[in-house]
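Structure, as structure tokens:
Just the heavy atoms: all of them, side chains too, but no hydrogens, waters or symmetry mates, feed the values below. These figures come from a predicted structure and were not determined experimentally.
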Amino acid sequence: MTHTASRAARGVPGEPPAALPRRALRAAAPLFREIGDLKRVRTAGCAGSAAERSFLRAWAALARGADPGEVAAAECAAAVAGARLAGVDGPVLRRCGLGEREAADVLRRSVEAHRARLEPRTLARLAEALPGLVAEPPGPSGADGAPRFARALCAQPRAGATRPGRPRLMAEPAESHGDHCWATAVCAALLADAFGADPADVFLLGLAHHLHNAVLPDAGFAGEELLGEHLPGITARLTDRALAGLPAPLAARLTGLLDAREETARPVSRAFQAADVLDRVLQVRHHARAAAFTAEQALGEMRLVHDSPVADFHHAVLAAAGTGEPGEPERPGRESR
């Protein structure tokens with residue numbers, strides 16, 4: 001988030017927030033955590049994360065004049081399906097020999113796994129968009145024609161956690177601005193019905209809310225505070241520069257939406273703000289989980305050695321090797337007699 005608005009536009013500190021769709025937020029949060037993992041999914045033959053490729057694909061479609069509502073629905077459907085399927089998307093399924101109906105059924109099963117997480121109207125939009133995800137693909141990523149600023153955002157790292165007057169807290173690998181903007185756009189569109197917002201508008205706002213960072217490296221909130229009175233002008237100039245390369249109707253729509261970055265008065269801004277803060281916090285929680293990860297979690301909770309015809313043999317090998325399955329600590333140097 002870029003803090004360029006006036007204090008009045010941001011709201012009064014201590015003022016109670018307007019009513020929130022608490023049930024919808026609580027239901028969606030676990031799904032958003034899984035969607036966020038697409039920032040870390042990579043596949044052979046494709047540059048960047050699955051999230052970055054989706055970000056570029058969305059911008060390429062918008063730059064070609066595609067309807068924003070259709071783009072939002074397609075990318076949200078792909079994201080929810082990918083939450084469990086990871087890099088196994090529609091084009092991959094088609095290249096593996098599945099027909100359109102078979103591939104769509106696989107994606108539909110993945111979406112159905114999250115039925116309880118989303119509003120009925122949202123699920124209906126996703127279901128309608130699924131067949132389009134398995135049509136003959138336009139290329140490995142569908143990102144041909146993405147604007148230069150979109151590619152720059154995928155190369156621009158996020159700052160990490162910063163606070164004025166203190167050293168930054170950095171966690172590697174850093175996500176890109178393409179990752180974050182894509183996740184914010186998708187999650188905002190998935191929350192749109194709960195907030196009474198237009199899914200296309202919140203999707204566009206999520207995609208575009210860091211246009212200035214295509215040029216301006218991210219120094220976080222601490223850096224923004226040091227830029228001080230120069231920050232609003234910098235942000236406006238760089239945003240206008242990016243918008244100038246887009247079709248005029250799209251640029252005009254984005255210009256009107258970008259004011260919602262710094263307030264919570266309208267449904268579009270509230271859905272966007274909810275998605276933005278959830279993605280930022282879920283990203284930090286990902287790093288915390290990764291840092292605390294143990295082999296016991298992989299072997300026990302995640303069943304790394306899963307049920308299969310050879311599972312008993314695998315367990316016997318691990319026990320003989322002393323690799324420390326749950327309940328059996330590692331015993332280096334133990335030999336079989």
Practice item. Just do the side chain to side chain donor-acceptor pair (under 3.5 Å) check on S176 and E52 with the steps written out, would you? Key: CA-CA 8 Å; S176 73; E52 288 170 336; 2.6 Å; yes

Practice item. Could you pull out the closest heavy-atom pair between A185 and F203, with the gap in Å? Key: CB-O, 3.3 Å

Review point. Checking side chain to side chain contact (heavy atoms under 4.5 Å, CB included) for the pair I234/V215: CA distance, chi angles, key distance, verdict?
Key: CA-CA 10 Å; I234 291 172; V215 174; over 6 Å; no

Point to revise | Whether over 12 other heavy atoms sit under 6.0 Å from R42 CZ | key: yes

Review point. Heavy atoms, side chains only, cut-off 4.5 Å: are W182 and L38 in contact?
Key: yes

Review point. Judged by modelled atom types alone, do S269 and R266 share a side-chain donor-acceptor pair under 3.5 Å?
Key: no

**Study point:** Student check: side-chain heavy atoms of L243 and T239 closer than 4.5 Å
**Key:** yes

Check your understanding: When rounded to the nearest 0.5 angstrom, what is the spacing between CG in L205 and CZ in F272?
Key -> 4.5 Å

Exercise for review: Can you measure from SG (C181) to CG (L207) and round to the nearest 0.5 angstrom?
Suggested key: 7.5 Å

Review point. Honestly curious: do L304 and L318 fall in one hydrophobic cluster under the side-chain, below-4.5 Å linking rule?
Key: yes

Practice item. Show your working on side chain to side chain contact (heavy atoms under 4.5 Å, CB included) between L216 and R237 and close with a plain yes or no. Key: CA-CA 11 Å; L216 181 68; R237 284 191 294 274; over 6 Å; no

Exercise for review: Using a strict cut-off of less than 4.0 Å between a Lys/Arg side-chain nitrogen and an Asp/Glu carboxylate oxygen, indicate whether D276 and R261 qualify as a salt bridge.
Suggested key: no

Review point. Are the side chains of L238 and F149 in touch, meaning some heavy atoms are under 4.5 Å apart?
Key: no

Check your understanding: For A129 and A77, which heavy atoms make the closest approach, and how far apart are they?
Key -> CB-CB, 4.1 Å

Practice item. Indicate yes or no: at least one non-hydrogen side-chain atom of P147 is less than 4.5 angstrom from one of L246. Key: yes

**Study point:** H286 and its side-chain contact (heavy atoms from CB on, under 4.5 Å) partner, picked from E175, R40, R33
**Key:** R40

Check your understanding: Taking the side chain as C-beta and beyond, is there a heavy-atom pair between F32 and D279 under 4.5 Å?
Key -> no

Exercise for review: Kindly give the heavy-atom pair with the smallest separation between V71 and A66, and that separation in Å.
Suggested key: CG2-CB, 3.7 Å

Point to revise | R84 side chain near H114 side chain, heavy-atom distance below 4.5 Å | key: yes

Revision key, fill the gap. Output for pair (L278 CG, I35 CD1), nearest 0.5 Å, gives 11.5 Å

Point to revise | Test salt bridge (Lys or Arg N to Asp or Glu O under 4.0 Å) applied to R64 and D144, step by step | key: CA-CA 10 Å; R64 290 193 297 268; D144 294 341; over 6 Å; no

Review point. Can you check whether L250 reaches L204 side chain to side chain, under 4.5 Å on heavy atoms?
Key: yes

**Study point:** Exam field: side chain R94 to backbone L98, donor-acceptor pair closer than 3.5 Å
**Key:** yes

Exercise for review: Search all heavy atoms of R26 against all heavy atoms of P30 and return the closest pair with its distance.
Suggested key: O-CD, 3.4 Å

Check your understanding: Around atom CZ of R285, are there more than 12 heavy atoms of other residues, nucleotides or ligands at under 6.0 Å?
Key -> no

Practice item. Could you check E112 against R115 for salt bridge (Lys or Arg N to Asp or Glu O under 4.0 Å), going step by step and ending with a plain yes or no? Key: CA-CA 5 Å; E112 284 292 319; R115 169 167 289 277; 2.8 Å; yes

Practice item. Assess whether side chain to side chain contact (heavy atoms under 4.5 Å, CB included) is satisfied between R23 and E119, documenting all intermediate values. Key: CA-CA 10 Å; R23 186 200 61 79; E119 297 285 309; 2.7 Å; yes

Practice item. Apply side chain to side chain donor-acceptor pair (under 3.5 Å) to R148 and list each qualifying residue two or more places apart in sequence or on a separate chain. Key: none

Check your understanding: When rounded to the nearest 0.5 angstrom, what distance separates CD in E75 from CZ in F55?
Key -> 11.0 Å

Review point. So, does Q156 use its side chain to make a donor-acceptor pair with the main chain of N213 at under 3.5 Å?
Key: yes

Review point. Out of curiosity, L130 CG to E100 CD, how far, rounded to the nearest 0.5 Å?
Key: 12.5 Å

Practice item. Please state whether the rings of H212 and H210 are parallel, tilted or perpendicular, taking 30° and 60° as the class boundaries. Key: tilted

Check your understanding: Between R158 and D179, does at least one N-O distance fall below 4.0 Å, as a salt bridge requires?
Key -> no

Review point. Distance-only, no hydrogens or angles: does the T122 side chain make a donor-acceptor pair with backbone N or O of L118 under 3.5 Å?
Key: no

Check your understanding: So, H315 side chain and D312 main chain: donor-acceptor pair closer than 3.5 Å or not?
Key -> no

Check your understanding: So does R163 have more than 12 non-hydrogen atoms from other groups sitting under 6.0 Å from CZ?
Key -> no

Exercise for review: Would you sort out whether H180 and Q283 count as a side chain to side chain contact (heavy atoms under 4.5 Å, CB included), showing the intermediate values?
Suggested key: CA-CA 9 Å; H180 168 66; Q283 176 71 15; over 6 Å; no

Revision key, fill the gap. On a heavy-atom basis, the closest approach of A260 and V268 is CB-CG1, 4.2 Å

Review point. Looking only at atom types and distance, does a side-chain atom of R125 sit under 3.5 Å from a main-chain N or O of A73, one as donor and one as acceptor?
Key: no

Point to revise | Side chains of T43 and R53, donor plus acceptor under 3.5 Å | key: yes

Review point. Going from CG on L211 to CG on D240, what distance comes out if it is rounded to the nearest 0.5 angstrom?
Key: 10.0 Å

Exercise for review: Report yes if some heavy atom in the side chain of L126 is under 4.5 Å from a heavy atom in the side chain of L190; otherwise report no.
Suggested key: yes

Check your understanding: Considering all heavy atoms of both residues, which atom of L25 and which atom of A274 are nearest to each other, and what is their separation?
Key -> CD2-CB, 4.3 Å

